[in-house]
Protein chains: 4
Amino acid sequence: MADTRTPDSTRRSERSRRAIYDAALALVVEAGYPKTTIEGIAARAGVGKQTIYRWWPSKAAVLLEAFVDLGEQAAEAVGEVGAAIPDTGDLAADLRLVVRATVDELVDPKYDLPTRALAAEGIVDAELCAQYVEKLLRPSLQLYADRLAASRERGELRADLDLDIAVELFTGPLSGRWLMRTGPLTHAYADRLVDYALHGLAPR
Amino acid sequence: MADTRTPDSTRRSERSRRAIYDAALALVVEAGYPKTTIEGIAARAGVGKQTIYRWWPSKAAVLLEAFVDLGEQAAEAVGEVGAAIPDTGDLAADLRLVVRATVDELVDPKYDLPTRALAAEGIVDAELCAQYVEKLLRPSLQLYADRLAASRERGELRADLDLDIAVELFTGPLSGRWLMRTGPLTHAYADRLVDYALHGLAPR
Amino acid sequence: MADTRTPDSTRRSERSRRAIYDAALALVVEAGYPKTTIEGIAARAGVGKQTIYRWWPSKAAVLLEAFVDLGEQAAEAVGEVGAAIPDTGDLAADLRLVVRATVDELVDPKYDLPTRALAAEGIVDAELCAQYVEKLLRPSLQLYADRLAASRERGELRADLDLDIAVELFTGPLSGRWLMRTGPLTHAYADRLVDYALHGLAPR
Amino acid sequence: MADTRTPDSTRRSERSRRAIYDAALALVVEAGYPKTTIEGIAARAGVGKQTIYRWWPSKAAVLLEAFVDLGEQAAEAVGEVGAAIPDTGDLAADLRLVVRATVDELVDPKYDLPTRALAAEGIVDAELCAQYVEKLLRPSLQLYADRLAASRERGELRADLDLDIAVELFTGPLSGRWLMRTGPLTHAYADRLVDYALHGLAPR
DNA sequence: GCGTAAACGAGACGGTACGTCTAGTCTTTTC
DNA sequence: GAAAAGACTAGACGTACCGTCTCGTTTACGC
């Protein structure tokens with residue numbers, strides 16, 4: 001029978017939590033996600049398996065939290081601000097900048113591998129997918145939405161613009177190309193994508 | 001030590017191959033991909049495990065072939081033709097039709113589940129990914145490319161249009177929304193996506 | 001790579017150990033040794049396979065321990081004593097008694113089958129053979145040796161008698177006939193064997 | 001359904017039979033009996049598996065025939081005769097000679113390993129055991145029986161001597177010590193064994 | 001000599017068990 | 001009472017052989 005009692009999180013060991021995060025991320029980068037096991041994480045973190053099972057429902061959940069934590073660490077280091085797409089008034093230029101930045105990130109193995117693993121897991125596991133979207137995807141999509149909304153207010157975009165679809169027009173092709181490796185991820189690609197998405201395929 | 005001898009494919013049992021395809025697809029739909037095991041497929045197909053290991057390198061490879069075969073079966077049943085997006089002269093209408101059809105397919109569990117599983121596996125396994133793209137993804141993307149190329153010739157699209165990106169502008173958002181469940185997949189969505197992709201986000 | 005860590009025997013599950021003994025013995029008697037598998041033992045004992053592989057190196061080792069344990073159980077039940085050949089002063093009579101008892105045991109399937117299996121395995125596997133001899137064979141041979149030594153002291157046997165060979169003179173023919181089924185195992189045979197061994201083949 | 005047709009032995013391939021014998025014996029000596037497989041024998045003999053299954057019921061049966069054949073080959077080489085224990089009139093001396101010879105043979109791996117394997121198999125498989133006894137054991141025991149019978153006629157042994165038991169008095173201890181490795185197999189041992197068996201344990 | 005039938009080499013097949021690995025649970029001991 | 005340690009049940013993994021079953025290919029006999 002499962003232990004339905006929820007553990008007392010106030011007594012949780014911060015040291016163990018950190019060690020588990022570190023071990024999980026390191027193993028995914030070193031050995032790949034499928035070869036990363038809960039036993040392996042526990043061993044590397046110097047932690048009992050039960051400590052993992054007590055606080056997380058699955059390997060993917062550990063990795064997700066670890067990765068979110070990594071992002072927060074990084075954000076804190078840079079000063080937390082900058083968490084918005086700059087608004088210089090030139091929408092195309094602003095978007096090129098951020099799409100290029102996204103391209104750079106997707107190419108860095110340190111981010112690529114864990115994100116791929118989480119995406120793969122999420123594709124098959126709806127539960128985890130929701131978490132993934134909420135904690136990782138949505139925040140970054142929101143940046144696009146905010147910037148586009150600002151331009152829409154100024155009349156630079158269709159007045160009735162559906163923001164969700166608008167955002168997807170940039171991120172969809174990009175993440176599709178990244179996930180399925182259907183083409184190179186370069187700054188040139190980023191620029192052209194922004195151009196097409198903003199102005200469409202029809203002749204000028 | 002691995003058995004490097006390649007088996008003699010002329011002596012291969014067609015009956016077993018089919019049974020394995022059927023079992024694999026059925027199990028993925030019924031139990032989900034992670035709970036689909038090679039042992040399970042073998043048992044359900046009434047086949048020895050070795051017969052699977054002899055001909056396929058992994059569970060995912062089995063499913064990929066099974067799914068490709070399923071497509072071929074279906075194509076054969078309809079008469080093989082129709083493997084092109086119709087060209088009525090109205091590009092927007094033609095694209096709406098096919099994007100709507102894609103939406104319908106992605107919603108059907110019979111296609112949804114195996115495709116998700118393959119996509120998930122491909123995201124993490126580059127080897128398999130290449131196969132997946134080559135055998136499943138590329139052919140369907142090519143349909144878009146052909147139709148768009150036809151319109152480009154007629155001057156209905158930018159003369160210097162990059163077809164790859166153009167195709168992605170339709171399929172990227174669609175598959176992104178599907179994979180990550182970030183929004184509903186409806187005909188209305190399909191229509192609006194086609195509109196945005198064709199004409200861009202800028203005001204008319 | 002093999003797991004070289006030795007498990008902590010203080011934490012071993014007594015319940016599992018007993019269940020494995022019981023299952024192993026039962027299966028050997030019911031299905032025969034070759035059809036007794038480690039998987040079968042585990043299943044019948046309600047135990048994971050790893051629990052067997054953790055504590056024993058082979059199927060035969062399990063059976064050997066199970067059988068030794070069975071003997072200890074039996075000995076404990078009878079009160080532990082009697083573990084010596086009686087010494088009534090009449091050596092021939094004493095030996096006849098114990099050889100007859102041995103014959104009876106060798107004929108009982110409950111002992112016959114496991115012992116045969118162990119003997120067979122030991123014949124081919126020197127490692128196991130040593131264990132078998134040490135734990136099962138030697139103790140019972142020692143009883144003969146002790147009784148014969150007592151008679152030798154009293155001058156009833158050659159003064160320079162080689163006890164090992166002397167013991168073999170009784171047990172060798174007996175076990176040979178049993179193992180290879182070269183003749184009937186009866187009390188009459190036991191009596192005559194004792195007679196011949198004690199007095200030789202030469203005329204009186 | 002099994003193929004009930006009995007194959008036509010007149011058309012049997014002598015070359016294959018020999019190759020199988022050689023392969024079986026070589027593998028048992030090189031790799032040990034348990035690691036000798038029918039597939040291995042077939043591969044080494046350059047023979048299809050079916051050719052083995054057509055003519056023999058089991059791995060042990062192959063080995064038995066191979067070994068019997070080996071003996072016949074050897075006998076033929078020496079000139080066939082000598083298949084009897086010499087009768088110099090000195091029974092003890094004659095027996096010492098032959099027991100010493102047996103000891104020498106049991107120590108030679110070329111004979112030791114296959115014989116052990118067959119004995120082990122026979123212990124557990126009554127069917128095979130009968131074959132083994134009939135073809136290998138009985139003939140060699142008969143030599144003892146004949147020699148002892150001759151002496152008995154001459155009054156050198158008990159008039160009512162039970163030949164079976166008498167033979168066992170020599171071969172039982174010997175084979176017991178050999179099978180279970182309970183002591184060294186030396187000429188000294190052979191001599192003493194003959195002495196004890198002939199004259200018994202009682203003081204002179 | 002030539003057709004035919006059986007034995008042959010080869011090896012794919014449906015299976016069983018192997019020994020290993022990991023999941024997730026449970027228990028014991030330590031802090 | 002949380003945590004480290006690790007033994008436990010459970011069962012999938014990929015491998016090795018089993019014994020059966022085709023395949024073509026010799027081989028040898030009867031016509």
Side-chain angles (χ1 to χ4, degrees), chain A residues 1-3 5 7-13 15-16 35-40 42-43 45-55 57-59, chain B residues 1-3 5 7-13 15-16 19 35-40 42-43 45-55 57-59, chain C residues 1-3 5 7-13 15-16 35-40 42-43 45-55 57-59, chain D residues 1-3 5 7-13 15-16 35 37-40 42-43 45-55 57-59:
Chain A
M1 195 180 315
D3 190 345
R5 292 167 309 182
D8 178 353
S9 54
T10 66
R11 304 197 47 176
R12 186 167 180 186
S13 161
R15 141 193 283 277
S16 293
K35 291 195 147 181
T36 298
T37 65
I38 292 197
E39 296 210 324
V47 140
K49 284 203 293 179
Q50 197 55 41
T51 301
I52 297 182
Y53 283 110
R54 186 159 21 234
W55 301 109
S58 70
K59 172 172 76 164
Chain B
M1 198 181 316
D3 192 343
R5 292 166 314 186
D8 178 352
S9 55
T10 66
R11 303 190 48 180
R12 188 167 177 183
S13 162
R15 143 193 283 276
S16 294
K35 292 194 146 182
T36 298
T37 66
I38 292 194
E39 294 211 327
V47 139
K49 283 202 291 178
Q50 201 57 44
T51 300
I52 297 184
Y53 285 109
R54 183 156 30 233
W55 300 110
S58 69
K59 173 173 74 162
Chain C
M1 196 182 315
D3 191 345
R5 291 168 314 185
D8 179 352
S9 55
T10 66
R11 304 190 50 178
R12 188 169 177 183
S13 162
R15 143 193 282 276
S16 293
K35 292 194 146 182
T36 298
T37 66
I38 291 194
E39 295 210 326
V47 140
K49 285 202 291 178
Q50 200 56 43
T51 299
I52 297 183
Y53 284 108
R54 178 153 39 229
W55 301 109
S58 69
K59 172 173 76 162
Chain D
M1 197 179 313
D3 191 344
R5 293 166 309 184
D8 177 353
S9 54
T10 67
R11 304 193 51 174
R12 185 169 178 184
S13 161
R15 143 194 281 277
S16 293
K35 292 194 146 181
T37 66
I38 291 194
E39 295 211 325
V47 139
K49 286 201 291 178
Q50 199 58 37
T51 300
I52 297 184
Y53 285 109
R54 182 156 31 232
W55 301 108
S58 69
K59 172 174 75 163

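Because the structure is predicted, anything quoted here is derived from the model rather than measured. When reading the values below, keep in mind they use all heavy atoms of this one structure, side chains included, and skip hydrogens, waters and symmetry mates. Residue numbers start from 1 in every chain, and the chains themselves are labelled A, B, ... in the order their sequence lines are given, proteins ahead of strands.
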task = Starting at atom CZ of C:R15, determine the distance to atom P of F:dT9, rounded to an integer number of angstrom.
result = 9 Å
Residue met sooner reading DNA chain F from 5', once B:P57 and C:V47 are mapped to nucleotides = C:V47
task = May I ask you to evaluate whether D:W55 reaches the phosphate of E:dA6, defined as a side-chain N or O under 4.0 Å from OP1 or OP2?
result = no
task = Send over the distance from C:I52 CD1 to F:dT9 C1', rounded to a whole Å.
result = 12 Å
ask   = Picking from F:dA3, F:dC18, F:dC8, which would you name as closest to the side chain of D:I38?
value = F:dC18
ask   = Tell me: NZ of C:K59 to P of E:dG19, nearest whole Å?
value = 10 Å
query = What about C:Q50, does its side chain sit under 3.5 Å from the base of E:dC21 through a donor-acceptor pair?
reply = yes
message = Given the structure, check if the side chain of A:K49 and the base of E:dG24 hold any donor-acceptor pair shorter than 3.5 Å.
response = yes
inquiry  = Starting the side chain at C-beta, find the nucleotide from F:dT22, E:dC18, F:dC8 nearest to C:E39.
reply    = E:dC18
key: Contact summary for C:I52 and C:I38, nearest pair of heavy atoms   = CD1-O, 3.9 Å
ask   = Quick one: which of E:dT25, F:dC13, F:dA28 gets closest to the side chain of D:R11?
value = F:dA28
query = To the nearest angstrom, how far is B:K35 atom NZ from E:dA23 atom P?
reply = 16 Å
ask   = Just how far, in rounded Å, is C1' of F:dA5 from CZ of C:R12?
value = 19 Å
query = If you take all heavy atoms of B:P7 and B:R54, which pair is closest and at what distance?
reply = CG-CG, 3.6 Å
ask   = Taking the side chain of C:T37 as its heavy atoms from C-beta onward, which of E:dA12, E:dA17, E:dA7 lies nearest to it?
value = E:dA17
query = For C:R15, does the CZ atom have more than 12 heavy-atom neighbours from other residues, nucleotides or ligands under 6.0 Å away?
reply = no
task = Considering non-hydrogen atoms only, spot the tightest contact between B:A19 and B:A45 and give its length.
result = O-CB, 3.5 Å
Atom-to-atom span, CG of D:D8 to C1' of F:dT27 - whole angstrom = 13 Å
key: Polar side-chain atom of C:K59 near backbone of C:T36 as donor-acceptor pair, under 3.5 Å   = yes
task = Look at the side-chain N and O atoms of D:T51 and state whether any lies under 4.0 Å from the OP1 or OP2 oxygen of E:dG9.
result = yes
query = Mapping C:G40 and D:S9 to their closest nucleotides on DNA chain E, which lands nearer the 5' end?
reply = D:S9
ask   = Side-chain N or O of B:R54 less than 4.0 angstrom from OP1 or OP2 on E:dC13?
value = yes
message = Check the phosphate of F:dA4 against A:S16, side-chain N and O only, distance under 4.0 Å to OP1 or OP2. Yes or no?
response = yes
